[in-house]
Chemist: 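The following block contains the structure, expressed as structure tokens.
Start at 1 with the first residue, then count along the sequence.
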Amino acid sequence: MDIIAWVLIIASFAVAFVGLVYPIIPSVLFIVLGFIVYGLFNSFAELGWLFWTIEILFIVLLFVADSLANLVGVKKFGGTKAGMWGSTIGLLIGPFIIPVAGILIGPFVGAVIGELLVTKTEYKQALKAGIGSLVGFLTSIVTKGIIQVIMIIIFIIAI
């Protein structure tokens with residue numbers, strides 16, 4: 001049973017890291033699923049209130065980091081809310097249109113289209129907003145990846 005538990009835990013953590021790149025996968029839920037699988041197969045006693053308090057704080061930090069990275073990326077490069085929404089829509093649609101490259105191209109194109117169509121900005125400024133969305137997305141991946149690694153390290157230390 002231990003082997004099955006650890007396969008499920010590791011698979012949950014692996015899916016969480018895939019979710020960094022594919023935003024349709026809720027990464028944080030898979031991290032928590034790994035913790036719950038451990039508790040169900042072994043014991044929740046090892047995962048005390050301090051563990052859960054720290055992990056919940058990191059979960060909140062993950063959501064904040066995700067939102068802030070995109071916001072700062074687009075805003076820093078002169079984008080508007082239309083660029084942010086376009087970036088988000090492009091991030092969700094891009095991988096389905098262009099399977100691998102769509103992850104990077106989608107947010108860029110979405111931000112540019114959002115800026116051009118909604119706010120009627122100049123093409124050059126729309127491109128800057130697109131670059132900002134790409135920078136924000138990549139920053140978000142790195143930041144969330146680091147936070148997820150820390151969450152898993154805390155889990156390993158706790159058990």
Chemist: Answer with yes or no whether the hydrophobic clustering places Ile105 together with Phe108; edges join I, L, V, M, F, W, Y residues whose side-chain heavy atoms lie under 4.5 Å apart.
Modeler: yes
Chemist: Backbone N or O of Met84 within a donor-acceptor pair of the Thr88 side chain at under 3.5 Å?
Modeler: yes
Chemist: Can you confirm whether Lys128 is buried at NZ, in the sense that more than 12 heavy atoms of other residues, nucleotides or ligands lie under 6.0 Å from that atom?
Modeler: no
Chemist: If hydrophobic clusters are built by linking Ile, Leu, Val, Met, Phe, Trp and Tyr wherever their side-chain heavy atoms come under 4.5 Å apart, do Ile25 and Val28 end up in the same one?
Modeler: yes
Chemist: Counting only pairs under 3.5 Å, give me each side-chain donor-acceptor contact of residues 54-64, with atom names and distances, residues two or more places apart or in other chains.
Modeler:
none

Chemist: For the atom pair CD1 (Ile154) and CE (Met151), what is the distance rounded to the nearest 0.5 Å?
Modeler: 8.0 Å
Chemist: Heavy atoms only: give me the nearest Leu20-Ser27 pair and the separation to one decimal.
Modeler: N-OG, 3.4 Å
Chemist: Which pair of non-hydrogen atoms, one from Ala82 and one from Gly114, has the smallest distance, and what is that distance?
Modeler: CB-O, 3.5 Å
Chemist: When hydrophobic residues are tied together by side-chain contacts of less than 4.5 Å, even through go-betweens, does Ile150 share a cluster with Ile9?
Modeler: yes
Chemist: Heavy atoms only: give me the nearest Phe51-Ala158 pair and the separation to one decimal.
Modeler: CD1-CB, 3.8 Å
Chemist: Show every side-chain hydrogen bond (donor to acceptor under 3.5 Å, both in side chains) that has at least one partner inside residues 29-53, sequence neighbours left out.
Modeler: Tyr38-Glu46
Chemist: Indicate every side-chain donor-acceptor pair of residues 131-138 with a distance under 3.5 Å to a residue at least two apart or in another chain.
Modeler:
{"unit_1": "Ser133", "atom_1": "OG", "unit_2": "Pro107", "atom_2": "O", "d": "3.1"}
{"unit_1": "Ser133", "atom_1": "OG", "unit_2": "Gly130", "atom_2": "O", "d": "2.7"}

Chemist: Could you measure the distance from the CZ atom of Phe96 to the CD1 atom of Ile103? Nearest 0.5 Å is fine.
Modeler: 10.0 Å
Chemist: To the nearest 0.5 Å, what is the distance between CD1 (Ile98) and CD1 (Ile93)?
Modeler: 12.0 Å
Chemist: Please give the remaining members of the hydrophobic cluster of Val7, linking ILVMFWY side chains under 4.5 Å, ordered by chain and number.
Modeler: Ile3
Chemist: Does one hydrophobic cluster hold both Trp85 and Ile97, with members joined at side-chain heavy-atom distances below 4.5 Å?
Modeler: no
Chemist: Return the set of residues passing side chain to side chain contact (heavy atoms under 4.5 Å, CB included) with Phe41 (not counting sequence neighbours), or none when no residue passes.
Modeler: Met1, Ile4, Ala5, Leu8, Val37
Chemist: How long is the span from the CD1 atom in Ile10 to the CD1 atom in Ile152, to the nearest 0.5 Å?
Modeler: 10.0 Å
Chemist: Show me the pairs that pass side-chain hydrogen bond (donor to acceptor under 3.5 Å, both in side chains) and involve residues 100-118, at least two apart or across chains.
Modeler: Thr80-Glu115, Glu115-Thr119
Chemist: Applying a strict under-4.5 Å side-chain criterion to I, L, V, M, F, W and Y, I'd like to know whether Val15 and Phe35 cluster together.
Modeler: yes
Chemist: Only one of Phe30, Trp6, Phe155 forms a ring pair (Phe, Tyr, Trp, His ring centres under 6.0 Å) with Phe13, so which one is it?
Modeler: Phe155
